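Structure first, commentary second.
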2 protein chains.
Amino acid sequence: MTDQSPVQADLPAADTAGGAGEEARAHEMRAPEMQAEAFQAVRQARRSEVAEDYLELIAELIELMGEARPVDIATRLGVRAPTVAKTLDRLARDGLITRARYRSVFLTEEGRQIAEECRRRHEIVVRFLLRLGLDQETAEQDAEGIEHHVSARTLALFAEFAGRD
Amino acid sequence: MTDQSPVQADLPAADTAGGAGEEARAHEMRAPEMQAEAFQAVRQARRSEVAEDYLELIAELIELMGEARPVDIATRLGVRAPTVAKTLDRLARDGLITRARYRSVFLTEEGRQIAEECRRRHEIVVRFLLRLGLDQETAEQDAEGIEHHVSARTLALFAEFAGRD
DNA sequence: GGTAAAACTTAGCTTTGGCTAATTTGCATT
DNA sequence: AATGCAAATTAGCCAAAGCTAAGTTTTACC
């Protein structure tokens, strides 16, 4: 691969823009492999974000309302019914939920475990943000986006900071 | 819309699963509109994540290596060259970069501003995580995912906690 | 019990963001 | 100057996640 492929000084932008010491400056960049791994991990996480949102919400609906109906999932996610239908098909295909046509949705054991894990993370992140001084509304809001990108290590620190109770 | 559409007790899952008081329990859920807005905001943020990653990296490459070449972008993002090419086309279409065929990439004024904003956020998040006790490696890693989902309000608290210097 | 509304599904379109394979261009080195 | 290699592009594939419009099924209500 290219790796740290030599970027010489004879390139137009180099002399005009910076003016001095590209090679010396290059030291300040992270190692390309490290950076690539970080981005790959983020993309990995992105791929499960939607599924996690659905599973977490389905669990919540089942627990608090007795069942998870597509119409409620759609309302609470702010998407249209056909979008929900298609996503539920994928979740079923992946063995995370079970469903019968025109009926509400159930979690498989695997789906239940993921949902529980997500809920735990979500709550830690919310409590952490609240403890940091954020208002309830913004905390909930930001947690929804942040929770999918918090490593186990970071989550542990969040939990610790949020308070030992 | 459905809103808080009546979920009656004559549905199969309701009686068997929960057993008691769906309506009372429903109180514990967030308001559907609030929840929907939160998820919509997250989806909104998701749509700019990739663009922000590119712009931030392009700015970094230009500053530290004198220019931003597609091959380096690909290496550091951990994706293939054609993926970069297509994304750069989108960024150019959206007026965030300029480019000539077979040449390296430049930021427009708008792109530059977004990149700068992203970099600022990124650094705050990293410093915050480090201050929290995380190792450099994980901090960089998690920041890459978290930075796109931090509201202005939360960012301010992060900055405060990290300590302004 | 019939009927209308609500819920759900199906069909089909769009964009994004990834990939491989094959081609074209630019540069460096002989 | 020729040639080969690295970089970039193009073409074309795929899946995810959104949408509208139209059709089907269930439920609710009289």
Side-chain angles (χ1 to χ4, degrees), chain A residues 1-12 36 39-54 61 65 67-94 96-97 99-105 148, chain B residues 1-14 36 39-54 61 65 67-94 96-97 99-105 148:
Chain A
M1 298 297 169
T2 23
D3 210 66
Q4 200 73 280
S5 63
V7 178
Q8 266 79 7
D10 56 5
L11 289 156
F39 280 118
Q40 273 160 352
V42 172
R43 283 200 301 279
Q44 176 72 30
R46 270 172 206 162
R47 289 215 313 272
S48 15
E49 279 183 68
V50 171
E52 288 178 356
D53 286 342
Y54 274 74
L61 285 168
M65 314 235 295
E67 64 169 0
R69 297 188 307 166
V71 65
D72 292 322
I73 297 172
T75 302
R76 298 194 110 91
L77 288 179
V79 298
R80 299 292 184 179
T83 300
V84 169
K86 208 188 283 187
T87 305
L88 292 180
D89 283 342
R90 276 195 297 271
L91 294 177
R93 179 202 63 191
D94 296 342
L96 301 173
I97 64 170
R99 61 195 308 234
R101 298 178 41 128
Y102 297 96
R103 307 312 308 262
S104 56
V105 178
H148 306 286
Chain B
M1 295 297 168
T2 21
D3 211 67
Q4 201 71 280
S5 62
V7 178
Q8 265 75 9
D10 56 4
L11 288 155
F39 280 117
Q40 273 159 352
V42 172
R43 283 199 301 278
Q44 177 72 30
R46 269 172 207 164
R47 289 214 313 273
S48 14
E49 279 184 70
V50 171
E52 290 178 356
D53 286 342
Y54 274 73
L61 286 169
M65 313 234 297
E67 63 168 0
R69 297 188 307 166
V71 65
D72 292 323
I73 297 173
T75 302
R76 298 194 110 93
L77 288 179
V79 298
R80 298 294 184 176
T83 301
V84 170
K86 210 188 282 188
T87 305
L88 291 180
D89 282 343
R90 277 195 297 270
L91 294 177
R93 178 201 64 190
D94 296 344
L96 301 173
I97 64 170
R99 61 196 305 237
R101 297 177 42 123
Y102 296 97
R103 307 313 306 259
S104 56
V105 178
H148 306 286

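Letters A, B, ... mirror the listed sequences (proteins, then strands); counts begin at 1. The shown structure was predicted, so the numbers you read here are calculated from the model rather than taken from an experiment.
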Any side-chain N or O of [X] below 4.0 angstrom from OP1/OP2 of [N]?
| X | N | answer |
| --- | --- | --- |
| A/R80 | D/dT20 | yes |
| B/R43 | D/dA17 | no |
| A/R99 | C/dT9 | yes |
| B/R101 | D/dT10 | yes |
| A/T83 | D/dA17 | no |
| A/R47 | D/dA16 | no |

Using atom [atom1] of [X] as one end and atom [atom2] of [N] as the other, report the distance to the nearest whole Å.
| X | N | atom1 | atom2 | value |
| --- | --- | --- | --- | --- |
| A/K86 | C/dT10 | NZ | C1' | 10 Å |
| B/I73 | D/dA7 | CD1 | P | 13 Å |
| B/Y102 | C/dC27 | OH | C1' | 14 Å |
| B/D89 | C/dT16 | CG | C1' | 13 Å |
| B/L91 | C/dT15 | CG | P | 16 Å |

Original post:
When you check the side-chain N and O atoms of A/R80 and A/T83, is any donor under 3.5 Å from an acceptor?
Top reply: no

**OP:** When you get a sec, tell me which of C/dC8, D/dG18, C/dT9 is the closest nucleotide to the side chain of A/A85?
**Re:**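 Nearest nucleotide to the side chain: C/dT9.
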
Subject >> Sole residue of B/D53, B/V50, B/V42 in side chain to side chain contact (heavy atoms under 4.5 Å, CB included) with B/H148 >> reply: B/D53

Original post:
Got B/R69 and B/E67 here, is their nearest side-chain heavy-atom distance under 4.5 Å?
Top reply: yes

Subject >> Side chain proximity check, B/Y54 to B/L96, heavy atoms < 4.5 angstrom >> reply: no

Subject >> A/I97 versus A/L88, closest heavy-atom pair with distance >> reply: CD1-O, 3.4 Å

Subject >> Given DNA chain D, 5'-ward residue of the pair A/P82 and B/A81, judged by closest heavy atom >> reply: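 Between the two, 5'-proximity favours B/A81.
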
**OP:** Would you classify B/R90 as touching base, sugar-phosphate or nothing, given that sugar-phosphate means primed atoms plus P, OP1 and OP2, and contacts are heavy atoms under 4.0 Å?
**Re:** base

Original post:
If you look at every strand shown and take non-hydrogen atoms under 4.0 Å, does A/R46 touch a base, only sugar-phosphate, or nothing?
Top reply: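 Nothing, no nucleic acid heavy atom in range.
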
